[in-house]
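Here is the structure we will look at, set down as structure tokens.
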Amino acid sequence: MKSSARMRPYSSIVLDGLSRAPSRAMLYPVGYKESDFSKPQIGVASTWSMVTPCNMHIDQLARESALGIDAAGGKATIFNTITISDGISMGTEGMKYSLVSREVIADSIETVVGCQGFDGFVAIGGCDKNMPGCMMAIARMNRAAVFVYGGTILPGCLSGKNLDVVSVFEAVGQRAAKKISGQALHDVESCAIPGPGSCGGMYTANTMASAIEALGFSLPNSSAQAAISKHKVQDCRAAGAAVIAMLKKGIRPSDIFSREAFENAITVTIALGGSTNSVLHLLAIAHSAGVKLTIDDFTTIGKRVPVLADLKPSGRFLMSDLVGIGGIVPMMKDLLSAGLLHGGCLTVTGKSLKQNLAPFKSYPKSQKIIAPLDKPLKKDSHLVILRGNLAPEGAVAKISGKEGERFDGKARVFESEEKALQAILSGRIKKGDVIVIRYEGPRGGPGMREMLSPTSAVMGCGLGKDVALITDGRFSGGTHGFVVGHITPEAFEGGALAIVRDGDPITIDSVSRKLTLGIPQKEIAARLAKWKKPKPRYRRGVLAKYASHVSTASKGAVTDFGF
């Protein structure tokens, strides 16, 4: 009886006894047998959808996880949640729903798991917001759970050159600058994305998958597998069995979430040269888990952790190349040996991180993707938290080192992403400009759109080292160049970004970690005194609801902050 209570802490309340006969009756039509009611009830949260290649195969992966659950003695039930496509909606009003979808995913998984009385669950994510959404739900529910990454896409190929989704965005800028023909753009467009899987560089999906593995919530190398591969099938089945094992051992997510585990996630993210979105998402996951984490922790850890991975967008290689040499595990072993990871952290395997890493071999000596610790690509983090009179509550810069460490320029101000993109593509942005895109924050947008379209257009036009871009919005993991996002307070809330004018001097200094508007403080105060808050862009629906509840980007842009 004690064993049963441990294995079925929630489903027994829903399914056992005389009064629960109606509940059992509802489950016979969906395939339950009488013997299934005495088994642990394990949900499989699938983010399957045909709206994006990132998730088009996840229904198959969900079935594999269900097989693993059933084989281990549980009863699996697959259910769905939503996904949206950042890549498709990028640069449009639809992108405002992207970050909102993270909250919807977390809320919906929590809702189903809580309502159905699942004893544990597997969560499978593919596109960017799936992963933090799944992890926020895992943290909230605190039931045995394992995360499975849907896997990376294979590269497209054109004339012997590997392509990915960012290749298309940058080709748009190249075409606008008349560097390529319309036919060349079409050729890139039609070849870049060949099948299922998440975008192929160290963009947000691969970044978050890697961070979650380092956090301890997926099985070793789950983050570095092709979407369509025998390894991903095995990963899904093993994840199902791992949830049952967690129940047997009495392991809950709260046993795994710790300050040290989040430090591991940040360390791996930095070493891989990961997305700025990781700052936003790790803060949100930590908030759901009740672990204290701030943007300043990225600075503290970033001072001692180097960038090792030569991966796109700023590097040469794709995630599929990293998969080919062994994934992230050998790199993690090196970080552990150097004292940069906490090896004692518990993971979903029931073993410590150190124990998980022990069986794996080092990288082949001939590989050029992951630099050795004594010869890093950058000696400290590329994720730089800036403050200053433009961002007193913080901003996030992505400085690979290739852009330089400081940018001084004159502001070119735009009230939306679309207006900025038009200016870039029409040739109105010149060397020395600091493109300012405002009213794109969590509340002002609302939804904090990603700026991959304008940043890629800048690169495609050949201005990557000559202009900078700052915004209270955020950036796709595919963005590179001198860019600063997550500026807080955002313009809509009366941050200094709201009163910047064309021609104002702006300095971005990654060494002093300052984002500075070069006008007197008296002038800033005078302008702010005259500023009037715009009316909300949406007054009903999910965007209005989001805008009224969301916290600042510096606190993760969560919607349950302060309760």
Side-chain angles (χ1 to χ4, degrees), residues 3 6-11 39-47 58 60-79 109 113 118-126 130-131 134-135 137-139 141-151 208-225 229-258 261 264-265 285 289 327-329 332 344-360:
S3 174
R6 168 175 281 188
M7 298 298 289
R8 301 182 60 239
Y10 301 99
S11 64
K39 299 174 182 177
Q41 305 295 300
I42 310 298
V44 180
S46 168
T47 57
I58 286 179
Q60 301 167 43
L61 299 185
R63 294 188 192 102
E64 296 294 345
S65 282
L67 290 172
I69 292 164
D70 293 344
K75 173 57 181 173
T77 301
I78 299 172
F79 66 95
I109 294 175
V113 170
F118 291 138
D119 300 302
F121 60 104
V122 174
I124 309 175
N130 300 171
M131 281 153 279
C134 287
M135 289 304 302
I138 287 172
M141 298 311 293
N142 199 27
R143 304 181 187 189
V146 175
F147 176 78
V148 173
Y149 179 40
M208 289 311 302
S210 301
I212 290 167
E213 182 174 330
L215 198 56
F217 277 91
S218 56
L219 302 181
N221 256 346
S222 176
S223 65
Q225 295 165 340
S229 66
K230 65 179 182 180
H231 299 293
K232 185 48 65 183
V233 170
Q234 293 165 355
D235 182 42
C236 291
R237 292 195 182 187
V243 174
I244 300 297
M246 288 178 73
L247 280 169
K248 289 178 179 178
K249 295 173 183 177
I251 297 173
R252 292 190 174 204
S254 56
D255 300 319
I256 300 171
F257 283 119
S258 65
N264 285 346
I285 296 167
I328 72 169
V329 170
M332 290 177 67
C345 290
L346 183 66
T347 73
V348 291
T349 65
K351 300 177 181 179
S352 69
L353 179 67
K354 182 178 180 179
Q355 290 172 320
N356 283 347
L357 297 177
F360 290 88

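Judged by distance alone, the side chain of K232 and the main-chain N or O of V148 form no donor-acceptor pair under 3.5 Å. Checked by atom type and distance alone, the side chain of R8 never pairs as donor or acceptor with a backbone atom of Q41 at under 3.5 Å.
The list of side-chain hydrogen bond (donor to acceptor under 3.5 Å, both in side chains) pairs with a residue in residues 69-78, not counting sequence neighbours, reads Y32-T77. Pairs of residues two or more places apart, or lying in two chains, never qualify as salt bridge (Lys or Arg N to Asp or Glu O under 4.0 Å) while including a residue from residues 350-360.
A heavy-atom distance below 4.5 Å is found between the side chains of C134 and I109. Side-chain contact between F121 and M141 is present, with heavy atoms from C-beta onward closer than 4.5 Å. You'll find the side chain of M131 reaches within 4.5 Å of the side chain of Y149, heavy atoms only. Side-chain contact between R6 and K248 is absent, with no heavy atoms from C-beta onward closer than 4.5 Å. Put simply, the side chain of M208 reaches to within 4.5 Å of the side chain of I285, judged on heavy atoms.
Here the closest heavy-atom approach between residue K39 and residue G74 is recorded as CD-O, 3.8 Å. Nearest heavy atom pair, residue A242 against residue V146, reads CB-CG2, 4.0 Å. When all heavy atoms of V122 and G240 are compared, the closest pair comes out as CG2-CA, 4.0 Å. When every heavy atom of P40 is checked against every heavy atom of L247, the shortest pair comes out as CB-CD1, 3.9 Å. Closest heavy-atom contact between V348 and A145: CG1-O, 3.5 Å.
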*Assess whether side-chain contact (heavy atoms from CB on, under 4.5 Å) is satisfied between M332 and F360, documenting all intermediate values.*
CA-CA 10 Å; M332 290 177 67; F360 290 88; over 6 Å; no

*Please report the C-alpha distance between L215 and N264 in whole Å, then the side-chain angles of each, then the deciding distance to 0.1 Å, and finally whether the side-chain contact (heavy atoms from CB on, under 4.5 Å) criterion is met.*
CA-CA 6 Å; L215 198 56; N264 285 346; over 6 Å; no

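With rounding to the nearest 0.5 angstrom, the CD1 atom of I124 is 7.0 Å from the CD1 atom of I58. Rounding to the nearest 0.5 Å gives a distance of 12.0 Å between CD of Q234 and CG of N221. Here the straight-line distance linking atom NZ of K230 with atom CG of D235 works out to 14.0 Å at 0.5 Å rounding. The OG atom of S218 sits 7.0 Å away from the CZ atom of F147 when rounded to the nearest 0.5 Å. The CD1 atom of I42 sits 6.0 Å away from the CD1 atom of I69 when rounded to the nearest 0.5 Å. Considering OG1 of T349 and CD1 of I251, their distance stands at 7.5 Å, rounded to 0.5 Å.
With sequence neighbours excluded, the residues satisfying side-chain contact (heavy atoms from CB on, under 4.5 Å) with A72 are A241, I244. For S258, the side-chain contact (heavy atoms from CB on, under 4.5 Å) partners two or more places apart in sequence, or in a different chain, are E260, A261, C345. A search for salt bridge (Lys or Arg N to Asp or Glu O under 4.0 Å) contacts involving D119 returns nothing, not counting sequence neighbours. Q355 is linked by a side-chain hydrogen bond (donor to acceptor under 3.5 Å, both in side chains) to S352, counting only residues two or more places apart in sequence or in another chain. With sequence neighbours left out, the ring-ring contact (aromatic ring centres under 6.0 Å, His included) criterion links F217 to F257. Listed by chain and residue number, S254 satisfy the side-chain hydrogen bond (donor to acceptor under 3.5 Å, both in side chains) test with N142 (two or more places apart in sequence, or in another chain). Checked against side-chain hydrogen bond (donor to acceptor under 3.5 Å, both in side chains), S46 has no partners two or more places apart in sequence or in another chain.
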I'd like a table of donor-acceptor pairs (distance under 3.5 Å, sequence neighbours excluded) in which one partner is a side-chain atom from residues 60-68, with atom names and distances.
from, atom 1, to, atom 2, distance (Å)
E64, OE1, R237, NE, 2.6
E64, OE1, R237, NH2, 2.9
S65, OG, C236, O, 3.0

